[in-house]
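Working notes, beginning with the structure itself.
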Amino acid sequence: MSINLTEKAAYAAMYAYLVKVYEMTQSDDIGGLLGSMSTLSDGKTVDPAIWDDWLQCIDEVKQNKVDIKLRLK
């Protein structure tokens, strides 16, 4: 299955996932992250560095630089 999302749509999906994790855990760390990730009326993130970090992560995924395999030691 292949799903094509824009950077903004993928970001919204990640945000929605983190909201679900926050609702299950009530983690202050995740709550703080969500606050920084939220968008303002101009569409920019509360913490501007978050969006730049997100785009960098997308580039790393596109270049196959992200390894999500579980490694047990």
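Here the structure is a predicted model, which means the values were calculated and not measured.
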Review point. Atom CD in Glu7, atom SG in Cys57: separation rounded to 0.5 Å?
Key: 12.5 Å

Exercise for review: Give the cluster check for Tyr17 versus Met37: same hydrophobic cluster or not, with ILVMFWY residues linked at side-chain heavy-atom distances below 4.5 Å.
Suggested key: yes

Point to revise | Any Val19 side-chain heavy atom under 4.5 Å of Val21 side chain | key: no

Study note, to complete from the structure: The reported gap from OH in Tyr11 to CD1 in Ile50 (rounded to nearest 0.5 angstrom) is 5.5 Å

Check your understanding: When rounded to the nearest 0.5 angstrom, what is the spacing between CD1 in Ile58 and OG1 in Thr6?
Key -> 8.5 Å

Review point. Do Ile3 and Leu5 come within less than 4.5 Å of each other through their side chains, counting heavy atoms only?
Key: yes

**Study point:** Interatomic distance, Leu34 atom CG to Met14 atom CE [nearest 0.5 angstrom]
**Key:** 9.0 Å

Check your understanding: For residues 37-51, which residue pairs qualify under side chain to side chain donor-acceptor pair (under 3.5 Å), counting only residues two or more places apart or in two chains?
Key -> Tyr15-Ser38

Practice item. Of all the heavy-atom pairs spanning Gln26 and Glu23, show the shortest one and how long it is. Key: NE2-O, 3.5 Å

Check your understanding: With a cutoff of under 4.5 Å between side-chain heavy atoms, which Ile, Leu, Val, Met, Phe, Trp and Tyr residues group with Leu70?
Key -> Leu72

Study note, to complete from the structure: Output for pair (Lys73 NZ, Arg71 CZ), nearest 0.5 Å, gives 9.5 Å

**Study point:** Qualifying residues under salt bridge (Lys or Arg N to Asp or Glu O under 4.0 Å), relative to Asp59, sequence neighbours excluded
**Key:** none

Review point. Side chain of Trp54, backbone of Ala10: donor and acceptor closer than 3.5 Å?
Key: no

Review point. If you round to the nearest 0.5 Å, how far is OG1 of Thr25 from CD1 of Ile30?
Key: 4.5 Å

